[in-house]
Amino acid sequence: MTERITSWHGNPSKPHFAPPPGAVDAHCHVFGPMSQFPFSAKAKYLPDDATPEMLFALRDRLGFSRNVIVQASCHGTDNAATLDAIARSKGTARGVAVVNPEIDDEQLEALHDGGIRGVRFNFLKRLVDNAPKDKFIEIAARIQSLGWHVVVYFEAELLAELRSFLDAIPVPIVIDHMGRPDVTQGPGGPDILAFRGLLESRDDIWFKATCPDRLDASGPPWDVFAKAVSPLVTDYPDRCLWGTDWPHPNMQHAIPDDGKVVDMIPRIATTELLQQKLLVDNPLRLYWPELEQA
Ligand code: 0GY
């Protein structure tokens with residue numbers, strides 16, 4: 001694997017939708033720069049550099065105030081690039097790490113000091129070689145005292161098999177991209193209904209109402225995604241998060257315009273109150289609880 005891929009739009013449009021003050025892009029990544037932060041030997045894709053400066057410029061262009069930077073699989077369990085981006089953010093970014101199961105408590109505390117507030121468990125076979133559930137449960141128990149949560153990434157076909165694993169996690173859970181439902185089934189289709197079953201099973205499971213570009217092949221304005229996802233945001237207004245997914249890992253064949261991705265927001269969060277919860281109140285509760293309004 002030698003060819004580096006670019007997966008992000010070079011000149012995203014300015015969105016028509018203006019996010020509320022303090023809005024958080026709660027799912028984005030940085031890549032490299034490779035000269036400083038080499039990619040993992042196990043990386044399944046080799047991206048071009050997507051630097052913190054590029055991310056923060058996009059944040060400003062789109063009208064956001066903060067970022068949650070999620071460790072991408074191409075950096076494996078070395079969180080240095082994510083930590084570097086958080087350190088450069090002047091307090092406007094926090095992150096989610098991917099950790100080696102052997103990590104000790106001191107290293108976890110160092111991650112906390114560096115702005116990490118959660119650990120990601122990735123079950124996508126095309127992205128990671130193995131996903132040891134027993135080790136993940138041990139990690140989840142160990143991060144409890146730090147007040148962290150876990151972020152879990154899986155595809156809808158895996159949900160039934162993962163159910164007992166998810167049930168055993170003793171901290172809040174955030175599900176990336178709603179567990180990738182087939183949105184063409186609609187809001188009452190089997191994938192969304194199964195996901196609703198999970199949300200009903202406990203009240204500390206959150207989801208990211210993200211990635212119309214990944215989940216809806218119809219393209220902008222992603223009507224199929226809007227129709228399937230908007231009822232979830234309406235019904236679980238205090239447990240949803242939103243993010244750009246910049247730099248859109250692996251999306252080099254259908255690179256989304258981030259301005260258009262932002263313009264999806266009012267179609268899934270259809271009132272100002274829902275937009276305030278999705279973009280400000282909910283992410284602050286998880287990532288900046290000290291800033292929450294009383
Ligand atoms: C995403 C989705 C993807 C990639 C990663 O860590 C990653 O490499 O998360 C994907 O390829 O679906 O959430 O950014």
Side-chain angles (χ1 to χ4, degrees), residues 1 4-9 24-32 34 37-52 54-55 58-59 67-83 85 93 95-100 116 118-131 136 149-159 162 173-183 191 195 206-217 222 225 229 240-256 258 261 264 283 287:
M1 191 175 42
R4 299 185 68 187
I5 57 171
T6 302
S7 54
W8 58 94
H9 201 286
V24 182
D25 174 352
H27 186 91
C28 52
H29 316 275
V30 289
F31 296 150
M34 190 167 88
F37 304 110
F39 297 106
S40 163
K42 296 180 187 159
K44 303 292 184 237
Y45 58 95
L46 192 61
D48 251 333
D49 292 343
T51 65
M54 292 160 69
L55 175 65
L58 181 78
R59 172 201 66 200
N67 296 101
V68 178
I69 303 174
V70 177
Q71 171 81 352
S73 61
C74 55
H75 277 298
T77 56
D78 180 350
N79 296 283
T82 298
L83 290 168
V96 173
V98 175
V99 302
N100 185 317
I116 297 297
V119 167
R120 190 184 199 202
F121 302 145
N122 189 336
F123 285 91
L124 263 66
K125 290 198 172 64
R126 66 178 166 81
L127 293 176
V128 292
D129 293 329
N130 53 6
F136 286 169
H149 57 278
V150 301
V151 172
V152 187
Y153 190 21
F154 58 84
E155 286 164 327
E157 304 78 68
L158 265 188
L159 175 55
L162 285 180
I173 303 173
V174 176
I175 311 284
D176 274 343
H177 321 327
M178 302 159 289
R180 298 187 64 117
D182 177 353
V183 291
D191 284 0
F195 190 64
W206 303 52
F207 61 95
K208 294 178 188 165
T210 35
C211 288
D213 47 307
R214 287 186 195 284
L215 300 182
D216 179 359
W222 298 295
F225 179 91
V229 173
C240 49
L241 302 169
W242 187 88
T244 54
D245 188 37
W246 189 89
H248 312 285
N250 292 311
M251 291 296 288
Q252 75 265 32
H253 300 303
I255 294 176
D258 299 281
V261 178
M264 162 62 60
Y287 293 98

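Counting starts at 1 for both ligands and their atoms, following the listed order.
Ligand 1 is approached by R126 to a heavy-atom distance shorter than 4.0 Å. Contact between R180 and ligand 1 is present, with at least one heavy atom of the residue lying under 4.0 Å from the ligand. In this structure, D176 has no heavy atom closer than 4.0 Å to ligand 1. The shortest separation from a heavy atom of M251 to ligand 1 is not under 4.0 Å, leaving the residue out of contact.
The pair R214-D245 meets the salt-bridge criterion, since a charged nitrogen lies less than 4.0 angstrom from a carboxylate oxygen. R4 has a carboxylate O that lies under 4.0 Å from a charged side-chain N of D49, or vice versa, which qualifies the two as a salt bridge. Looking at D191 and R180, no side-chain N of the basic residue comes within less than 4.0 Å of a carboxylate O on the acidic one, giving no salt bridge.
Contact annotation: for D245 versus ligand 1, heavy atoms closer than 4.0 Å belong to the side chain alone. At a heavy-atom cutoff of 4.0 Å, ligand 1 is contacted by the side chain of H27 but not by its backbone. At a heavy-atom cutoff of 4.0 Å, ligand 1 is contacted by no atom of K44, backbone or side chain.
With ligand atoms numbered from 1 in the order given, ligand 1 contributes 1 (C), 9 (O), 13 (O), 14 (O) to contacts under 4.0 Å with heavy atoms of H29. Near H177, with a cut-off below 4.0 Å to any heavy atom, the atoms of ligand 1 are 1 (C), 2 (C), 13 (O). Close approach of ligand 1 to Y45 is summarised as follows: ligand atoms under 4.0 Å from at least one heavy atom of the residue are 7 (C), 8 (O). Every atom of ligand 1 is numbered from 1 in the order shown, and the set under 4.0 Å from a heavy atom of P249 is 4 (C), 11 (O), 14 (O). Listed by atom number, the atoms of ligand 1 under 4.0 Å from R214 heavy atoms are 1 (C), 2 (C), 3 (C), 10 (C), 11 (O), 12 (O), 14 (O).
Ring geometry, F207 versus F195: the interplanar angle exceeds 60°, so the pair is classed perpendicular (tilted spans 30 to 60°). Between H27 and H29, the ring planes are perpendicular. Angles over 60° get that label, and only those under 30° would be called parallel.
Between P212 and F225, the shortest heavy-atom contact is CA-CD1, 3.5 Å.
Protein heavy atom nearest atom 9 (O) of ligand 1, with residue, atom name and distance: R120 NH2, 2.8 Å. For atom 12 (O) of ligand 1, the closest non-hydrogen atom of the protein is Y153 OH, 2.6 Å.
Under a 3.5 Å cut-off, the side chain of S7 and the backbone N or O of H248 do form a donor-acceptor pair.
The heavy atom nearest to atom 7 (C) of ligand 1, out of those in C74, S73, C28, is found in S73.
Among Y153, F136, F154, the single residue meeting the ring pair (Phe, Tyr, Trp, His ring centres under 6.0 Å) criterion with F123 is F136.
Checking only distances, N250 does come within under 3.5 Å of ligand 1, N or O to N or O.
The side-chain heavy atoms of D176 and V151, taken from C-beta on, include a pair separated by under 4.5 Å.
To the nearest 0.5 Å, the span separating SG on C74 from CZ on F31 amounts to 4.5 Å.
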